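Each remark here refers to the structure printed beneath this line.
The structure displayed is predicted, hence computed values, not measured ones.
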Amino acid sequence: MTYEAFVRALKNTYDDPDTRATAERKLHNLKQGNKDCSAYHAEFCTYATTLNYDDMTKISFFSNGANQDLKTVLLYQASLRETFDEFVQLCIKLDNRAKQLRSQTHHPAHTGPAPATRPAPAPVPTPGTASGTAPSPMDLSQVDRTPRKRGPLPSELQKYRQENHLCMYCGGSRHWASVCPLSTKPKRVNAAQTTPPPP
C-alpha cells in the first residue's frame with residue numbers, strides 16, 4: 001500500500017463525511033454559559049472557520065450563543081461594530097466588566113470602622129462565708145422571725161444548752177428563754193432575768 005492510499009484510508013475512517021453540516025450543528029448548539037467570552041470565541045472560531053460565513057452571520061450566531069449577562073450589556077450599546085473581529089473585541093471587554101462588577105457586588109469591600117465592642121459586665125459576687133457577708137448561725141438580724149410552734153427539746157440538747165448557758169428556746173447566748181426575742185410567749189422581766197448569763 002502506498003502512502004497516499006494509507007492517508008486516504010485514514011480519512012475515510014476518521015474524517016466526517018459531512019463536515020459542514022456537523023460544524024453548522026455544533027455552532028448552532030454552542031453556548032457561552034459560564035465561560036469567559038475569550039474562551040467562547042476560541043471555540044466558536046473552530047466551527048465558524050469551516051463554514052466561511054460572512055461577518056453579519058457570524059455576529060448573529062455569536063450573539064445568540066452569548067450568556068444572558070453579555071446579552072444584557074449589549075442592549076445598552078448605542079451602536080455595534082460592523083466587522084466580526086471588532087464585535088468580538090467589544091464583547092470581550094463588556095464581559096470582563098460585567099464579571100468584575102458582579103464580583104464586587106458579591107464581595108463588598110468593608111471600609112467602615114470596626115464596631116465598638118462593649119466590655120463584659122463584671123460578675124456579681126455571691127455572698128459567702130469567704131467574703132464575710134453570709135449571716136452567722138446566731139446572727140439574730142438574719143434569723144427568720146416568723147412565729148412557729150416548737151416541740152419539746154431532746155434531753156441531750158436540753159443538757160447541752162444548760163451546761164453552756166444558752167437560751168433554752170432558740171439556743172442563742174446572752175439571754176434567757178423568758179426574754180428570748182424569738183419567743184412568742186409574753187415576756188416576764190425581773191431583775192434576775194435581765195442579767196445575761198455568764199459567757
| Which pairs with one or both residues in residues 61-77 pass salt bridge (Lys or Arg N to Asp or Glu O under 4.0 Å), sequence neighbours excluded? | Asp69-Arg102
| Nearest-0.5 Å distance, CG of residue Asn96 to NZ of residue Lys99 | 8.0 Å
| said: Is there a side chain to side chain donor-acceptor pair (under 3.5 Å) between Gln100 and Ser103? Walk through the geometry before answering. | reply: CA-CA 5 Å; Gln100 183 180 6; Ser103 64; over 6 Å; no
| Sidechain-backbone polar pair: Ser63 side chain, Ser60 backbone, donor-acceptor under 3.5 Å | no
| message | How long is the straight-line distance from CD1 of Ile59 back to CG of Asp85, given to the nearest 0.5 Å? | response | 9.5 Å
| field | Set of residues satisfying side chain to side chain contact (heavy atoms under 4.5 Å, CB included) with respect to Thr72, sequence neighbours excluded | value | Gln68, Tyr76
| query | Under 3.5 Å, is there a donor-acceptor pair between the Thr46 and Glu43 side chains? | reply | no
| query | Roughly how far, to the nearest 0.5 Å, is CD of Gln158 from CG of Leu166? | reply | 13.0 Å
| note | Taking every heavy atom of Leu94 against every heavy atom of Val73, the minimum-distance pair comes out as CB-CG2, 3.8 Å
| Judged by atom type as modelled, is there a donor-acceptor pair below 3.5 Å linking the side chain of Asp95 to the main-chain atoms of Cys91? | no
| Going through the distances and angles, do Cys170 and His175 end up as a side-chain contact (heavy atoms from CB on, under 4.5 Å)? | CA-CA 10 Å; Cys170 70; His175 66 272; 3.4 Å; yes
| said: Looking at every non-hydrogen atom in both residues, tell me the closest pair between Leu30 and Phe44 and how far apart they are. | reply: CD2-CA, 3.6 Å
| said: Show the nearest heavy-atom pair for residues Leu51 and Glu24, with the distance to one decimal. | reply: CD2-CG, 3.3 Å
| query | Is it true that atom NZ of Lys26 has more than 12 heavy atoms of other residues, nucleotides or ligands lying nearer than 6.0 Å? | reply | no
| query | Which pair of heavy atoms, one from Gln32 and one from Ala66, lies closest together, and at what distance? | reply | OE1-CA, 3.5 Å
| said: Do Phe62 and Cys37 make a side-chain contact, defined as non-hydrogen atoms from C-beta onward lying under 4.5 Å apart? | reply: yes
| request: Determine the interplanar angle of the Tyr53 and Phe61 rings, folded into 0 to 90°, and report it as parallel if under 30°, tilted if 30 to 60°, perpendicular if over 60°. | output: parallel
| query | Hey, does the side chain of Asn67 reach the backbone of Leu70 with a donor-acceptor pair shorter than 3.5 angstrom? | reply | yes
| task | Please identify each residue that fulfils side chain to side chain contact (heavy atoms under 4.5 Å, CB included) with Lys159, with sequence neighbours left out. | result | Glu163
| request: Please indicate whether Asn34 has more than 12 foreign heavy atoms, meaning atoms of other residues, nucleotides or ligands, lying under 6.0 Å from its CG. | output: no
| request: Take the angle between the ring planes of Phe84 and His41 and call it parallel below 30°, perpendicular above 60°, tilted in between. | output: tilted
| field | Flag side-chain contact, heavy atom, 4.5 Å: Tyr47 against Asn29 | value | no
| request: Could you pull out the closest heavy-atom pair between Gln77 and Leu90, with the gap in Å? | output: OE1-CD1, 4.4 Å
| request: Would you give the length of the straight line joining atom OG of Ser38 to atom CD of Gln89, rounded to the nearest 0.5 angstrom? | output: 10.0 Å
